[in-house]
Engineer: 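I'd like to ask you about the structure that follows.
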Protein chains: 2
Amino acid sequence: MADTVVFAVGGDQLHVLLVRRANAPFAGAWALPGGFVEPGESPEDAARRELLEETGVTVRALDQIGAYGDPGRDPRGPTLSVVHRGLLPELVDVQAGTDAAAAAFLPVRQALARNTELAFDHRRILSDAVDGLRADIEQCSIATALCPPRFTLSQLRRVYEAVWGHVIDAPNFRRKVLMTEGYVVPLGRTAAPGPDGGKPAHLYRAGKRVTLTPPLYRHSAH
Amino acid sequence: MADTVVFAVGGDQLHVLLVRRANAPFAGAWALPGGFVEPGESPEDAARRELLEETGVTVRALDQIGAYGDPGRDPRGPTLSVVHRGLLPELVDVQAGTDAAAAAFLPVRQALARNTELAFDHRRILSDAVDGLRADIEQCSIATALCPPRFTLSQLRRVYEAVWGHVIDAPNFRRKVLMTEGYVVPLGRTAAPGPDGGKPAHLYRAGKRVTLTPPLYRHSAH
DNA sequence: ACAAAAGTGTTGGACTTACACCCATGC
DNA sequence: GCATGGGTGTAAGTCCAACACTTTTGT
């Protein structure tokens, strides 16, 4: 099998893309989009296909984050699921596929809440995926994948704050990001200020660097 | 499928456990021990069973480090291999199984050398596994799994040096390890000095901590 | 006494953090 | 003017790399 965890940031909260299952087992429960790998497909191909079929969503890149093969994870019989992670720059519109009752972005906090039922071992998978994202964002430049093509440093900072769940000192964040050569590339332009006014911010795009050395530490602020 | 990368340190060099294939495809080439998952097995169970069958080796813990499902990785047809990593405290004796011409620990440097033929995509898998080990040893307490139950800090340091491939300042290493609460636990005893004399070192055992905060940085010495 | 390995002390520099302060825009 | 968010400056503290130095053993 191939399941996918798609993250996006919206409203200062980290969201995950889920589908509501129409059929047994776990009918009515939320689940990660996914399905079976067809002959000739790589697991990543299958993940991308199932994601499109079930939610209408396409992602630029999918990274493998683990394989879950515990016997008993599926009541229908032993299966092995290769799980990939995708990142989107915004909460895009979602269209539920034929075998899904619904598809939507849920805040991760809500998806992992006690009263939300997740199918199979998807609670465990999602929990691992969140931990992995929090770690990777510290060491790698993947945070730009959660931003639009052109973004301000405040937008990038809000991605970190949403993923880590705490505020970051803006001046220090700015210095760290700009000091890390190749992380972001300045564009000449400046963005329009927000609805509350404020100084217009410079625009940047993602650079070519993939590893952040030194990392952006996720110490709790204050 | 389930393949396994077993690491051990010997003679100041990181070694990996390989089997020499007796049958086609890739007859005569080195390969990671592994095989097919049988019904009712988890991939980890299968990895442990195949490891024992092919090499006679048992490991305490196996950690999943990835799944490789590129169509074409096996000339016989599409397969998916879940790869696990095992760590041993020493170069144990190895017994080749029935369908292997030989089984042995090879220095990683030699296994990844140009003139060593590795079956399937096992060069890629091994390369990824080495990168992962170098990263994990920095953040987690897994280095103790490459040491005997009781070890000196010099032994632990030599593990890091073998994995990273460069020397580490012994005094600073000592401070970092002892400062990280729960990483190692002092035993009352002291070890016998080496053949060249020297002051006898204190003995330690692994503690309960799994994550190293702050990490042991792998900066090149000098 | 000498070599070798374990272990302690110390100093300079790099980096982080926290916070004060200035700039530009909308209302 | 004032609030809001962008951006700069800076001082205190922390941490690490480097290396000098002491301790304890075998030969």
Side-chain angles (χ1 to χ4, degrees), chain A residues 11-12 137-139 147-148 150-162 164 166-181 183-204 211-222, chain B residues 11-12 137-139 147 150-162 164 166-181 183-204 212-222:
Chain A
D12 290 353
I137 210 176
E138 189 175 16
Q139 307 271 346
C147 288
R150 286 190 285 270
F151 53 87
T152 68
L153 293 184
S154 290
Q155 280 179 282
L156 185 64
R157 177 168 50 83
R158 269 184 272 275
V159 166
Y160 279 88
E161 292 177 338
W164 285 339
H166 63 72
V167 296
I168 300 169
D169 185 86
N172 294 333
F173 177 82
R174 173 190 182 76
R175 260 188 297 266
K176 279 292 298 230
V177 169
L178 293 182
M179 196 172 299
T180 305
E181 204 169 339
Y183 186 15
V184 296
V185 178
L187 305 168
R189 314 169 47 188
T190 60
D196 299 335
K199 180 174 173 178
H202 286 144
L203 282 172
Y204 297 83
T211 60
L212 267 40
T213 49
L216 277 92
Y217 303 106
R218 51 178 149 166
H219 296 314
S220 61
H222 194 72
Chain B
D12 291 352
I137 210 176
E138 189 174 16
Q139 307 271 347
C147 288
R150 286 190 287 270
F151 53 87
T152 67
L153 293 184
S154 290
Q155 280 179 281
L156 186 63
R157 177 169 48 82
R158 269 183 273 275
V159 166
Y160 279 87
E161 292 177 339
W164 285 339
H166 64 72
V167 297
I168 300 169
D169 184 85
N172 295 331
F173 178 82
R174 173 189 183 76
R175 260 187 297 265
K176 279 292 299 230
V177 170
L178 293 181
M179 197 172 297
T180 305
E181 206 168 338
Y183 186 15
V184 297
V185 178
L187 305 167
R189 313 170 46 188
T190 60
D196 299 332
K199 181 175 174 178
H202 287 143
L203 282 173
Y204 299 83
L212 268 39
T213 48
L216 277 92
Y217 303 104
R218 51 177 147 166
H219 296 311
S220 60
H222 196 69

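Order of the sequence lines fixes the chain letters, A, B, ..., with proteins taken first and strands second; residue numbering starts at 1 for each chain.
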Engineer: Does R174(B) have a side-chain nitrogen or oxygen under 4.0 Å from the phosphate oxygens OP1 or OP2 of dA6(C)?
Structural biologist: no
Engineer: I want to verify a distance call: between dA24(C), dG5(D), dT23(D), whose nearest atom is closest to the K199(B) side chain?
Structural biologist: dT23(D)
Engineer: Using atom CZ of F173(A) as one end and atom C1' of dG5(D) as the other, report the distance to the nearest whole Å.
Structural biologist: 15 Å
Engineer: Just the rounded figure in Å: distance from P of dT14(D) to CE of M179(B).
Structural biologist: 13 Å
Engineer: Rounded off to whole Å, could you give me the OH-to-P distance for the Y217(A) and dC15(C) pair?
Structural biologist: 9 Å
Engineer: Taking all non-hydrogen atoms of both residues into account, name the closest pair between I168(A) and F173(A) and its distance.
Structural biologist: CG2-CB, 3.9 Å
Engineer: For a quick check of understanding: with a heavy-atom distance under 4.0 Å over all strands, which category does S154(B) fall into, base, sugar-phosphate or nothing?
Structural biologist: sugar-phosphate
Engineer: Taking CG from L153(B) and C1' from dA5(C), how many angstroms apart are they, rounded to a whole number?
Structural biologist: 13 Å
Engineer: What integer distance in Å separates L216(A):CG from dT16(C):P?
Structural biologist: 9 Å
Engineer: Here's a test of your reading of the structure: between H202(A) and N172(B), which maps to the more 5' nucleotide of DNA chain D?
Structural biologist: H202(A)
Engineer: How long is the straight-line distance from CG of L156(B) back to CD1 of I137(B), given to the nearest 0.5 Å?
Structural biologist: 8.0 Å
Engineer: In whole angstrom, give the distance that lies between atom CG of D169(B) and atom P of dG7(C).
Structural biologist: 14 Å
Engineer: What heavy-atom pair brings R158(A) and D12(A) nearest, and what distance separates the two atoms?
Structural biologist: CD-OD1, 3.5 Å
Engineer: When all nucleic acid strands are considered with a 4.0 Å heavy-atom cut-off, which category describes P193(A): base, sugar-phosphate, or nothing?
Structural biologist: sugar-phosphate
Engineer: What is the separation between atom CZ on R218(A) and atom P on dT16(C), rounded to the nearest whole Å?
Structural biologist: 16 Å
Engineer: Quickly work out the H166(B) NE2 to dA17(D) C1' distance and round it to whole Å.
Structural biologist: 13 Å
Engineer: Hey, which of these two, P215(B) or P171(B), hits DNA chain D nearer its 5' end, going by closest nucleotide?
Structural biologist: P215(B)
Engineer: Looking at R175(A), I'd like to know whether one of its side-chain N or O atoms comes within less than 4.0 Å of OP1 or OP2 on dT8(D).
Structural biologist: no
Engineer: Which one of L187(B), T152(B), L153(B) satisfies the side-chain contact (heavy atoms from CB on, under 4.5 Å) criterion with Y204(B)?
Structural biologist: L153(B)
Engineer: Shortest non-hydrogen contact from Y217(A) to K176(A)?
Structural biologist: CE1-NZ, 4.2 Å
